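Numbers here are sequence positions counted from 1. Note that the structure is a prediction, hence the values are computed from the model and not measured. Read the numbers this way: they start at 1 and go in the same order the structure lists the ligands and their atoms.
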Amino acid sequence: MAYNDLRMDNQWLPFTPNRSFKDDPRIFVAADGMHFTTHDGRQVIDGISSLWCVGAGHNRKPINEAIKKQLDTLDYATAFNVSNDQAFRAAEKIAAMAPGDLNKVLFCNSGSEAADTSLKVALAYHRARGEGHRNMFIGRERGYHGVGFGGMSVGGIPANRKVYGTALLPRVDHLRFIHDPVNHAYIHNAEPLWTEDLLLELENRILPLHDPSNVAAVIVEPVAGSAGWYIPPQGYLKRLREICDKHGILLIFDEVITGFGRLGQPFASDFYGVQPDMLNFAKAVTNGVVPLGGVICTDRIYDAMMGAHGSAPGHAIEFFHGYTYSGHPVACAAALATLDLFEQEQLFTRAGDMGRVLGDAMHSALKGLPNVIGIRSLGLAAAVELAPVPGMPGKRVFDIFMDCYHRGVLVRNAGENLVFAPPFIVEASHIDQMVGVLADSIKKHA
Ligand SMILES: Cc1ncc(COP(=O)(O)O)c(C=O)c1O
């Protein structure tokens with residue numbers, strides 16, 4: 001297929017420089033295993049699991065078959081006042097995988113919707129308990145929680161604040177970012193040990209400023225994914241849990257990236273041994289094949305919401321929220337097949353094992369190359385940070401992304417980072433190819 005077989009006038013591409021795309025289009029027409037086929041018949045290795053989604057690799061027959069079967073059985077049913085069998089089965093499976101008493105699954109369709117859903121649960125939960133004054137949120141600098149107004153507000157992405165700042169939620173503050181470029185520029189499958197307590201600021205400044213009794217929830221990504229794979233200091237999440245508990249504040253982990261295996265365990269919550277009150281997921285739950293997201297809440301939250309309505313008539317809705325496609329049967333069938341496949345092939349363990357191979361390769365091939373100022377690896381993801389071209393933020397990594405693409409490797413440019421997060425089925429030979437091409441390209445763009 002040639003470019004001119006496609007009219008490109010009508011699709012406005014998301015998070016993509018549209019004008020330059022049209023000069024040099026990057027169009028996939030097929031995928032299998034670790035590879036895409038491009039419109040002109042080339043193979044490109046999916047070094048990023050298509051944005052952290054495709055853990056089991058592309059074109060997995062058990063998932064495809066489950067979707068086809070579901071389409072022929074129950075294609076769709078509204079989610080309000082009635083439900084479907086697949087949604088209950090998927091919720092049961094996800095709750096069984098989730099840590100502790102995270103047992104109640106609210107389905108949605110994306111990570112952005114999961115973020116907004118979790119913030120709304122926090123407000124509704126506190127109100128149900130008679131603490132409606134708890135209406136403040138705390139996020140973190142450079143946090144990414146999607147593109148909805150709630151998620152953007154608790155997120156800390158400067159470009160969002162620049163363009164949409166006036167329309168963001170008013171009662172939000174932010175924790176400091178978790179990166180120390182001087183002492184912990186290079187992290188290899190470890191938790192950096194900080195001499196400074198990063199969370200003192202929360203206890204001594206942010207909470208006293210707003211009064212902790214007004215704070216509904218703190219939301220963080222356990223590992224800051226979209227910003228470029230930044231790893232929290234040792235003990236950080238445990239201490240955050242303790243501070244939240246001390247003040248009756250809910251803790252939300254956004255595990256849209258870390259959920260379902262990326263760190264070699266089901267969730268980052270398992271990896272770090274810290275249970276949040278809500279856990280947001282999306283992406284890998286269906287291997288990316290059909291959109292599905294959700295928020296897993298504790299029994300305590302659910303029970304409080306139900307209890308508060310004890311005296312209300314039986315037809316009263318306890319949580320005034322939901323999406324037309326909440327618990328879509330096809331998406332839930334895809335999730336069930338995906339989670340079975342992860343188990344059958346022990347893909348989370350494999351992600352942990354191959355993560356060490358990826359981390360070794362990144363550190364040994366890239367450290368010391370021109371402009372490299374940091375490398376961070378944990379689980380099956382690794383980032384290399386480069387010094388920007390002066391006055392042109394993001395340009396060097398974009399040029400390297402393009403160059404790698406043309407050499408058959410899909411890498412993610414994020415901030416001044418280039419990130420690999422391949423499917424869990426990745427082999428050492430794929431990693432050699434990915435890291436080798438990236439190393440050459442970094443040298444070329446010195
Ligand atoms: C941590 C996190 N939360 C939320 C989102 C938003 O997810 P979606 O693009 O599915 O809305 C993302 C997307 O990358 C993410 O990484």
Side-chain angles (χ1 to χ4, degrees), residues 13-16 46-55 106-122 137-157 159-160 164 168 172 174-175 177-178 217-232 237 251-263 267-269 271-272 276 278-296 323 325-326 328 331 334-335 338 376 378-381 383 410-415 417 419-421:
L13 291 145
F15 279 128
T16 300
D46 187 354
I48 59 171
S49 303
S50 287
L51 224 46
W52 316 89
C53 291
V54 185
L106 278 162
F107 283 118
C108 56
N109 311 288
S110 67
S112 300
E113 291 178 355
D116 283 14
T117 299
S118 65
L119 301 178
K120 289 175 73 175
V121 170
F137 296 113
I138 296 174
R140 191 168 62 203
E141 289 170 358
R142 295 175 73 178
Y144 184 70
H145 304 291
V147 295
F149 281 101
M152 279 197 299
S153 303
V154 291
I157 302 293
N160 280 334
Y164 311 112
L168 298 184
V172 178
H174 289 80
L175 302 167
F177 194 48
I178 49 171
V218 172
I219 179 168
V220 292
E221 303 161 82
V223 179
S226 294
W229 207 237
Y230 290 94
I231 296 155
L237 295 169
L251 178 60
I252 306 168
F253 280 177
D254 185 336
E255 294 226 31
V256 163
I257 280 179
T258 50
F260 299 106
R262 185 56 58 186
L263 297 185
F267 298 97
S269 173
F271 182 87
Y272 287 106
M278 281 181 259
L279 190 158
N280 298 357
F281 66 89
K283 295 189 185 271
V285 66
T286 59
N287 209 34
V289 175
V290 185
L292 181 70
V295 179
I296 320 174
Y323 300 91
Y325 300 124
S326 295
H328 194 295
T338 299
R376 301 172 302 277
L378 187 76
L380 188 50
L410 187 65
V411 63
R412 173 81 180 144
N413 54 313
N417 301 283
V419 183
F420 280 131

- Message: At less than 4.0 angstrom from any non-hydrogen atom of Ser226, what atoms of ligand 1 do you find?
- Response: 14 (O), 16 (O)
- Item | Between OH on residue Tyr144 and CE on residue Met152, distance to nearest 0.5 Å | 9.0 Å
- Item | Minimal non-hydrogen separation, Cys108 against Ala114, with atom names | SG-N, 3.4 Å
- Message: As an exercise, identify every atom of ligand 1 less than 4.0 angstrom from a heavy atom of Glu221.
- Response: 1 (C)
- Is there a side-chain contact between His328 and Val290 (heavy atoms, below 4.5 Å)? no
- Task: Would you mind reporting whether Tyr272 and Pro232 have side-chain heavy atoms less than 4.5 Å apart?
- Result: yes
- Message: Could you tell me, atom by atom, which parts of ligand 1 come under 4.0 Å of a heavy atom of Lys283?
- Response: 13 (C), 14 (O)
- Given side chains that start at C-beta, do those of Leu263 and Val223 come closer than 4.5 Å, heavy atoms only? yes
- Message: Between Tyr230 and Asn417, do the side chains contain a donor N or O and an acceptor N or O under 3.5 Å apart?
- Response: yes
- Query: Once you round to the nearest 0.5 Å, how far does OH of Tyr323 lie from CG of Asn109?
  - Reply: 8.0 Å
- Query: For atom 5 (C) of ligand 1, which candidate among Trp52, Phe15, Tyr144 holds the nearest heavy atom?
  - Reply: Tyr144
- Among all protein heavy atoms, pick the one closest to atom 7 (O) of ligand 1 and tell me residue, atom and distance. Gly111 CA, 3.2 Å
- Query: Short list, please: which atoms of ligand 1 are under 4.0 Å from a heavy atom of Ser112?
  - Reply: 6 (C), 7 (O), 8 (P), 11 (O)
- Query: Is it true that Gly225 lies under 4.0 Å from ligand 1, counting heavy atoms only?
  - Reply: no
- Under 4.0 Å to a heavy atom of Ile257 - the qualifying atoms of ligand 1, by number: 16 (O)
- Query: Where does Ser110 meet ligand 1, judged by heavy-atom distances below 4.0 Å: at the side chain, the backbone, both, or neither?
  - Reply: both
- Query: Heavy-atom contacts under 4.0 Å between His145 and ligand 1: side chain, backbone, both, or neither?
  - Reply: backbone
- Side chains of Ile257 and Trp229 in contact at under 4.5 Å (non-hydrogen atoms): yes
- Message: Could you tell me, atom by atom, which parts of ligand 1 come under 4.0 Å of a heavy atom of Gly146?
- Response: 4 (C), 5 (C), 6 (C)
- If you count the atoms of ligand 1 from 1 in the order shown, which ones are under 4.0 Å from a heavy atom of Asp254? 1 (C), 2 (C), 3 (N), 4 (C)
